[in-house]
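Everything numeric in this text was worked out from a predicted model, so none of it was measured. Keep in mind that the numbers below use all heavy atoms, side chains included, and drop hydrogens, waters and symmetry copies.
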Amino acid sequence: MLNRTVMYAKQHTPNSMRVVVRRTMLEAHNARLRLTVPVVSHCEYVNIYHCAVRKTASQWVKALFSDPIVYRHSGLPTYDPRFYNWSHPQVCPRDRVALSLFFSRQRFDAIPKPDSHRAFFVLRDPRDMVVSSYFSTRKSHAPMGDIPKVRAVLQEKPFKDGMLYLIDHLAKKGTFKALRSWATAPDTGVVRLFRYEDLTGPRQTEQVDQLMRHCGIVIPQRELTTLLSRYSFSEMNNRKGAGEVSHYRKGRPGDWRNHFDDDIQDAFAKATGNLIDLLGYTADAESTDLRAGNRV
């Protein structure tokens, strides 16, 4: 009953109202951090930028960087430009972590930024992204942007036709092109690529530690373990109800193999070209080293 109530609220609350609520909640959260959490070490960078495409655990990354443990060891509260209509001249005020910038690399490079900054981009096997996007768009994602329009189409079509439609839709939106732009960009040392599969897999502690250190944030091992256990996918699914109202669903690498048939695979290959190989994924979804710059 609770899951149904939450789902109904998500689907029927106007987007403008949700934006106001999220902005108010974010500012209240940051105010509590400043008042109650002593900062033991300050990040050396003025801004940190989290860049991504959708369905790459952006909500999970947001939860990590919004946690008091990260604030204690960075002194940087979070900021989501989407809730402020992108009005700040540098996208994000000084001394903040800018969250969930759904930008191509070209757009990110073009925005004004302080000299002292770090950025990271989270990528994921695009086939798993398609599957995750299908289920969240059809059922659980809040109705913002083009979600209501796409949802209506997916709910009318059988699964296979819906997947074919969604692959074409994502291609037209530039999702696959954005992934390609980050994978082919030169390595400057300021921006680093991280895999969803590594950040959430068996090497999670090592990978998240590398991510934080890239951002100038050093978290003691014991606190890092606490942080990751607090935001494990199983824990977040227990809170939200996986598959019903959860934004995380399974999050299992390689789940695409349970949903792709030959026709879907062919459509995906036509829409993405050599993207799978470029990103370092193989045909059976096993992860390899990043082949472009900014290696993890």
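- Tyr71 belongs to a hydrophobic cluster whose other members, connected by ILVMFWY side-chain contacts under 4.5 Å either directly or through intermediates, are Leu33, Val37, Val39.
- In this structure, the side chain of Thr272 engages the main chain of Phe268 through a donor-acceptor pair within 3.5 Å.
- Between the side chains of Asn274 and Asp277, no donor N or O sits under 3.5 Å from an acceptor N or O.
- Taking the six-membered ring where tryptophan is involved, the planes of Tyr84 and Tyr79 are essentially parallel, since the angle between them stays under 30° and well short of 60°.
- Within the structure, side chain to side chain donor-acceptor pair (under 3.5 Å) contacts touching residues 152-167 (residues at least two apart or in different chains) are Lys160-Asp261, Lys160-Asp263.
- Applying the salt bridge (charged side-chain N to carboxylate O under 4.0 Å, His left out) criterion to Arg34, with sequence neighbours excluded, gives no partner residue.
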Acceptor/donor pairs from residues 113-123 side chains to any protein atom, 3.5 angstrom cut, sequence neighbours excluded:
from	atom 1	to	atom 2	distance (Å)
Lys113	NZ	Phe108	O	2.7
Lys113	NZ	Asp109	O	3.4
Lys113	NZ	Ile111	O	2.9
Ser116	OG	Glu44	O	3.3
His117	ND1	Pro114	O	2.7
Arg118	NE	Tyr45	OH	3.4
Arg118	NH2	Tyr45	OH	3.1

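- For the side chain to side chain contact (heavy atoms under 4.5 Å, CB included) test, residues two or more places apart in sequence or in another chain that qualify with Ser41 are His73.
- Paired with Thr175 under the rule side chain to side chain contact (heavy atoms under 4.5 Å, CB included), one option of Met129, Lys55, Arg180 passes, and it is Met129.
- Partners of Asp209 under the salt bridge (charged side-chain N to carboxylate O under 4.0 Å, His left out) rule, at least two apart in sequence or in another chain, are Arg213.
- For Tyr134, the side-chain hydrogen bond (donor to acceptor under 3.5 Å, both in side chains) criterion is met by Arg138, not counting sequence neighbours.
- Partners of Asp266 by salt bridge (charged side-chain N to carboxylate O under 4.0 Å, His left out), not counting sequence neighbours: none found.
- Other residues sharing the hydrophobic cluster of Leu35, ordered by chain and number and joined by side-chain separations under 4.5 Å: none, the residue standing alone.
- The hydrophobic cluster analysis finds Val218 isolated: no Ile, Leu, Val, Met, Phe, Trp or Tyr side chain comes under 4.5 Å of it, directly or through other members.
- Not a single ring pair (Phe, Tyr, Trp, His ring centres under 6.0 Å) links Phe102 to another residue, sequence neighbours left out.
- Every salt bridge (charged side-chain N to carboxylate O under 4.0 Å, His left out) that Arg72 has, sequence neighbours left out, goes to Glu223.
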